[in-house]
A.B. asks: 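Following this message is one structure expressed as structure tokens.
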Amino acid sequence: MNYNKLADMLFPNVTNTPEFYESKFIQRKLPNNAQVTRMAPSPTGFIHLGNLYSALADERIAHKNGGVFYLRIEDTDEKRKVDGAVELIIDTLRYFDIEFDEGAGFDENEETNAYGPYFQRQRVDIYHTYAKNLVAKGLAYPCFCTEEELDAVRKTQEEQKELTGYYGKYAACRELTMEEIEANLLAKKPYVLRLCSQGSPEKEITFVDAIKGEIKLPENIHDIVLLKRDGIPTYHFAHAIDDHLMRTTVVVRGGEWLASAPIHYELFHLLGFKMPKYAHTAHLMKIDEETGGKRKLSKRKDPELSLDYYKKDGYHPYCMKVYLMTLLNSNFEEWHEKFADKDINEFPFSIDKMNQSGALFDKDKLHNICKNELSKLSENEVYDFLYQWASDYEPTNKEIWFADKEKMLSILRLYMGVGMKRRRKDLVYAKQIFELFSYFFDGSKMQEKDSFKLDIDEVHAILTKYLESYNHTDDNSIWFNKLKDIADSLGYASDMKAYKASPEKFKGNVSDVAEVIRIAVTGRANTPDLWTIVHIMGEAQMRERIETVL
RNA sequence: GGCUAAUUGGUCAAGCGGUUAAGACGCCGCCCUCUCACGGCGGAAACAGGGGUUCGAUUCCCCUAUUAGCUACCA
């Protein structure tokens, strides 16, 4: 077989050689230990928590040592393409403080485009150049098998309990003569280009995965498809060419790719490329409510997987990042607590500290992190964040909430415990936050979340006395002393010690009295300091609320 | 079915042949306290099962179970 002739027949328009591209995309000049990573999504227009999780890993690996993190779009499957997807990806990652250094979306004339193009559909000339070279070496061949023929083969393989696939004796088109190929080509029969695998089922390859350690897998023996019928490469072929030419040093990808590592291993070797380091990550998991089992988070079933879900509820992006970091590197949490003042990007991220198995997404933990991180912010920072969120998702309420800036800041100071020895940790996410102190804004429509435990007469007596003795200029301690007086006069203990010593002597204690007022004023039994609340809402609103209850 | 990987409390996880098997979240109790939150103290809670190897296995090997992934002209 004259392979050179076959190569020319298959790729008459290819004039470049691999050498051309090798010298065009030269080795990057980077500091020692600097890694080149990439995010390589298909442009489906959907980016989820799992994507963010691995993008963050990529970004940290590249940026901790001054490397490069770029965006490549794997648009080889045309069915999945959605317009505007690239912008969406860039914007979404930016929202979570992850920036690309080069790649798709950057100005085409800039240096940030030096290893492009970054859209695989625009790289077919490159793929064809390498494909032609493979054919010329007898390492790839056209396959004219139809879908039906392939199905039939698979069926017999299944029946005979043999390994399914296109390999060895089943690789019918391997045996085609030049004349047969020419005839098929002349007849315009559609074909795919397949790898002529050199692997042997008895041998195995070993390589070191940066996360999982040493991996042994059988050699690839399948004559996998390199170029699809339309001339577009499959993931495997594109991966080898692109990551080599773009000089990627670390490929971080989902664990589902581990099984095809032998294919990539063979491809890199046949193509004469140096293999990148692989880091196969575990997926984020969740408990399946139907089966009770652990399973991969899925786009279709799990709304909380969508990043929009978190944006809509108003989770602060920084908190999300901190949470993802704790999942990504098990020692991050400890570091973050120890060096609370340091920028989290200073954390010495290490690939081998990454999880080997899939972590369950834990909302409780996320909430805990939100509380902690939000409590470290200033009231102004929280204000700005809430303002932005409300503008995007609650435009009508926003007018009410932010009509009086000073009032909102006072509320935030109250709820954050600004000025206290220790901060409160009440704030979790925007939606929850506004719910928390909605009573400041809903006027007469206020709904009681909690109801009085004492009977109506007692409530009436307490509130009446409270209103009588109330003086808006009283400071916190005078105000509270008056509450104690009310307690005493109605048979409640004003002194907790006395109450605990002999509770049977009293109807209750000051806390019961305070609770009545608290519920009357705020509609809820649990709030921060009541005196401060009253002073933020003003005497008029307080009186109005109590009068309404009375 | 075949191949591969994983398996420490409810969850996230330290651990790398000898430990009273860390820590965090959640839960429970106590303290502080006008409620809540914060904070402090304490508690319940784990090496999937069975065989080896070894003086000694959570740690190494094998088998079983379970879970996940792959088994496309999808990525």
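Hydrogens, waters and symmetry mates are skipped; everything else that's a heavy atom, side chains included, is used. Model, not experiment: these values are computed from the prediction.
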A.B. asks: Which whole number of Å gives the distance between the C1' atom of B:rU4 and that of B:rG42?
C.D. replies: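 That atom pair is separated by 46 Å.
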A.B. asks: When you measure from the side chain of A:T37 to the backbone of A:D58, do you find a donor-acceptor pair of N or O atoms at a distance under 3.5 Å?
C.D. replies: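 Yes, A:T37 side chain to A:D58 backbone: donor-acceptor pair under 3.5 Å.
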A.B. asks: If you only use heavy atoms from C-beta on, which nucleotide in B:rC34, B:rA75, B:rG26 is closest to the side chain of A:S42?
C.D. replies: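 Nearest nucleotide to the side chain: B:rA75.
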A.B. asks: Rounding to an integer number of angstrom, what distance separates B:rA24 and B:rA44 when you compare their P atoms?
C.D. replies: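 The answer is 15 Å between these two P atoms.
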A.B. asks: Could you tell me whether A:T164 contacts a base, only the sugar-phosphate backbone, or nothing, with contacts defined as non-hydrogen atoms closer than 4.0 Å?
C.D. replies: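 Contact class for A:T164: sugar-phosphate only.
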A.B. asks: Dump the intermediate steps for side chain to side chain donor-acceptor pair (under 3.5 Å) on A:T248 and A:Y70, then the final yes or no.
C.D. replies: CA-CA 9 Å; A:T248 308; A:Y70 69 88; 2.7 Å; yes
A.B. asks: If I take atom CD in residue A:E337 and atom C1' in nucleotide B:rA13, what distance separates them, rounded to the nearest angstrom?
C.D. replies: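 Answer to the nearest Å: 15 Å.
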A.B. asks: Could you check which residues of residues 415-437 of chain A get a heavy atom under 4.0 Å from RNA chain B? Sort them by number, please.
C.D. replies: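 Under 4.0 Å from RNA chain B: A:M420, A:R422, A:R423, A:R424, A:K425, A:D426.
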A.B. asks: Mind checking the C1' distance from B:rA13 to B:rG52? Whole angstroms is fine.
C.D. replies: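 The same atom, C1', in both gives a distance of 30 Å.
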A.B. asks: Tell me the interatomic distance from A:K365, atom NZ, to B:rC27, atom C1', rounded to whole angstroms.
C.D. replies: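 Going from NZ in A:K365 over to C1' in B:rC27 covers 15 Å.
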A.B. asks: Using a strict threshold of under 4.0 Å (side-chain N to carboxylate O), is an ion pair present between A:K465 and A:E468?
C.D. replies: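 Between A:K465 and A:E468 there is no salt bridge, as every charged N stays at least 4.0 Å from the carboxylate O atoms.
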A.B. asks: What integer distance in Å separates A:Y235:OH from B:rC70:C1'?
C.D. replies: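 In whole Å, B:rC70 C1' lies 13 Å from A:Y235 OH.
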A.B. asks: With a 3.5 Å cut-off and no angle check, do the side chains of A:Q120 and A:E74 form a donor-acceptor pair?
C.D. replies: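 Side-chain D/A pair, A:Q120 to A:E74: present.
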A.B. asks: Can you tell me which nucleotide in B:rU11, B:rC73, B:rC3 comes closest to the side chain of A:P218?
C.D. replies: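 Nucleotide nearest to A:P218's side chain: B:rC3.
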A.B. asks: When the C1' atoms of B:rG40 and B:rU33 are considered, how many whole Å apart are they?
C.D. replies: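 B:rG40 and B:rU33 have their C1' atoms separated by 13 Å.
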A.B. asks: Would a distance-only check, ignoring hydrogens and angles, find a side-chain to backbone donor-acceptor pair under 3.5 Å from A:R253 to A:T281?
C.D. replies: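 Such a contact is absent between A:R253 side chain and A:T281 backbone.
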A.B. asks: Please list each protein N or O that sits under 3.5 Å from an N or O in nucleotides 14-17 of chain B, with the distance.
C.D. replies:
| residue | atom | partner | partner atom | Å |
| --- | --- | --- | --- | --- |
| B:rA14 | OP1 | A:S330 | OG | 2.8 |

A.B. asks: Return the nearest nucleotide to the side chain of A:W479; candidates are B:rC34, B:rU4, B:rC12.
C.D. replies: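 Between B:rC34, B:rU4, B:rC12, the one nearest the side chain of A:W479 would be B:rC34.
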A.B. asks: Hey, which sits more toward the 5' end of RNA chain B by its nearest nucleotide, A:T326 or A:L163?
C.D. replies: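 Result of the comparison: A:L163.
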A.B. asks: Closest to the A:R154 side chain: B:rA75, B:rA72, B:rC34?
C.D. replies: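 Looking only at heavy atoms from C-beta outward on A:R154, the closest nucleotide is B:rA72.
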A.B. asks: Output the rounded distance in Å from CG (A:D512) to C1' (B:rC36).
C.D. replies: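 These atoms are roughly 15 Å apart.
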A.B. asks: Tell me whether the centres of the aromatic rings in A:H48 and A:Y310 are closer together than 6.0 Å.
C.D. replies: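 Centroid separation for A:H48 and A:Y310: 6.0 Å or greater.
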A.B. asks: Over all strands shown, is A:V192 touching base, sugar-phosphate only, or nothing at heavy-atom distances under 4.0 angstrom?
C.D. replies: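 Contact class for A:V192: base.
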A.B. asks: Ignoring hydrogens and geometry, is there a side-chain-to-backbone donor-acceptor pair from A:R413 to A:I411 under 3.5 Å?
C.D. replies: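 Flag not set: sc A:R413 to bb A:I411 has no pair under 3.5 Å.
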A.B. asks: Go through the side-chain N and O atoms of A:E219 and A:Y265 and say whether any donor and acceptor fall under 3.5 Å apart.
C.D. replies: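 Judged by distance alone, the side chains do not pair up.
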A.B. asks: From the set B:rC25, B:rC34, B:rC73, return the single nucleotide nearest to any side-chain atom of A:R518.
C.D. replies: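 In terms of side-chain proximity for A:R518, the closest of B:rC25, B:rC34, B:rC73 is B:rC34.
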A.B. asks: Applying salt bridge (charged side-chain N to carboxylate O under 4.0 Å, His left out), which residue pairs with at least one partner in residues 421-440 of chain A are found, sequence neighbours left out?
C.D. replies: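 Counting only pairs at least two positions apart or across chains, the salt bridge (charged side-chain N to carboxylate O under 4.0 Å, His left out) contacts touching residues 421-440 of chain A are A:D313-A:K431, A:R424-A:D426, A:E435-A:K449.
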A.B. asks: Write down the distance separating the P atoms in B:rG69 and B:rC28, rounded off to the nearest Å.
C.D. replies: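 Straight-line distance between the two P atoms is 34 Å.
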A.B. asks: Without decimals, in angstroms, what is the distance between A:Y499 OH and B:rU35 C1'?
C.D. replies: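 Rounded to whole Å, this separation is 14 Å.
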A.B. asks: Among residues at least two apart in sequence or on other chains, which ones pass ring-ring contact (aromatic ring centres under 6.0 Å, His included) with A:H336?
C.D. replies: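 For A:H336, the residues satisfying ring-ring contact (aromatic ring centres under 6.0 Å, His included) (neighbours in sequence not counted) are A:F332.
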A.B. asks: Considering only the C1' atoms, how many Å lie between B:rC31 and B:rA46, rounded to the nearest integer?
C.D. replies: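 Between the two C1' atoms, the distance is 29 Å.
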A.B. asks: Considering every strand and a 4.0 Å limit on heavy-atom distances, what is the contact class for A:E333: base, sugar-phosphate, or nothing?
C.D. replies: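 Touches sugar-phosphate only.
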A.B. asks: Can you tell me, in whole Å, how much space there is between the C1' of B:rA68 and that of B:rC73?
C.D. replies: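 B:rA68 and B:rC73 have their C1' atoms separated by 27 Å.
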A.B. asks: Just to be sure I understand the rule, does A:N331 reach a base, reach only the sugar-phosphate, or reach nothing, if contact means heavy atoms closer than 4.0 Å?
C.D. replies: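 The residue A:N331 makes no contact with any strand.
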A.B. asks: Calculate the interatomic distance between A:K465 atom NZ and B:rC34 atom P; express it in whole Å.
C.D. replies: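 These atoms are roughly 21 Å apart.
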A.B. asks: Taking only side-chain nitrogens and oxygens of A:T76, does any of them come within less than 4.0 Å of OP1 or OP2 of B:rA75?
C.D. replies: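 Yes, A:T76 has a side-chain N/O under 4.0 Å of OP1/OP2 on B:rA75.
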A.B. asks: Which of these nucleotides, B:rC70, B:rU35, B:rU4, is closest to any side-chain atom of A:E256?
C.D. replies: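 Selected nucleotide (nearest to the side chain): B:rC70.
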A.B. asks: Between A:L195, A:L267, A:I205, which is the residue that forms a side chain to side chain contact (heavy atoms under 4.5 Å, CB included) with A:N220?
C.D. replies: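 Considering A:L195, A:L267, A:I205, a side chain to side chain contact (heavy atoms under 4.5 Å, CB included) with A:N220 is found only for A:L195.
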A.B. asks: With respect to the side chain of A:K228, which nucleotide from B:rU4, B:rA24, B:rC73 is positioned closest?
C.D. replies: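 For A:K228, the side-chain atoms sit closest to B:rC73.
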A.B. asks: So, A:T76 side chain and A:R121 main chain: donor-acceptor pair closer than 3.5 Å or not?
C.D. replies: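 No, A:T76 side chain to A:R121 backbone: no donor-acceptor pair under 3.5 Å.
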A.B. asks: As a test of reading the structure: which of B:rC12, B:rC34, B:rC3 is closest to the side chain of A:S511, going by heavy atoms?
C.D. replies: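 Within the option list, the nearest is B:rC34.
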A.B. asks: Heavy-atom count check: over 12 atoms from other residues, nucleotides or ligands less than 6.0 Å from A:K453 NZ?
C.D. replies: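 12 or below, so no.
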A.B. asks: With pairs defined as Watson-Crick or G-U wobble and both distances under 3.5 angstrom, please note down RNA chain B as a dot-bracket string, | for pairing with another strand.
C.D. replies: ((((((((.[[[..)..(....]]].(((((.......)))))....[[[[[..)....]]]]])))))))....
A.B. asks: Mind checking the P distance from B:rC63 to B:rC3? Whole angstroms is fine.
C.D. replies: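 To the nearest whole Å, 11 Å.
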A.B. asks: Taking 4.0 Å as the cut-off, does a side-chain nitrogen or oxygen of A:K363 come that near to OP1 or OP2 on B:rU11?
C.D. replies: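 No, outside the criterion.
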A.B. asks: Not counting sequence neighbours, which residues clear side-chain hydrogen bond (donor to acceptor under 3.5 Å, both in side chains) with A:E333? List them please.
C.D. replies: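 For A:E333, the residues satisfying side-chain hydrogen bond (donor to acceptor under 3.5 Å, both in side chains) (neighbours in sequence not counted) are A:K365.
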A.B. asks: Starting from C1' on B:rC30, measure out to NZ on A:K500 and report it in whole angstrom.
C.D. replies: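 Taking NZ of A:K500 and C1' of B:rC30, I get 10 Å after rounding.
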A.B. asks: Rounded to whole Å, how long is the line connecting atom CG of A:N526 with atom P of B:rC34?
C.D. replies: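 For the pair A:N526 CG and B:rC34 P, the rounded distance is 15 Å.
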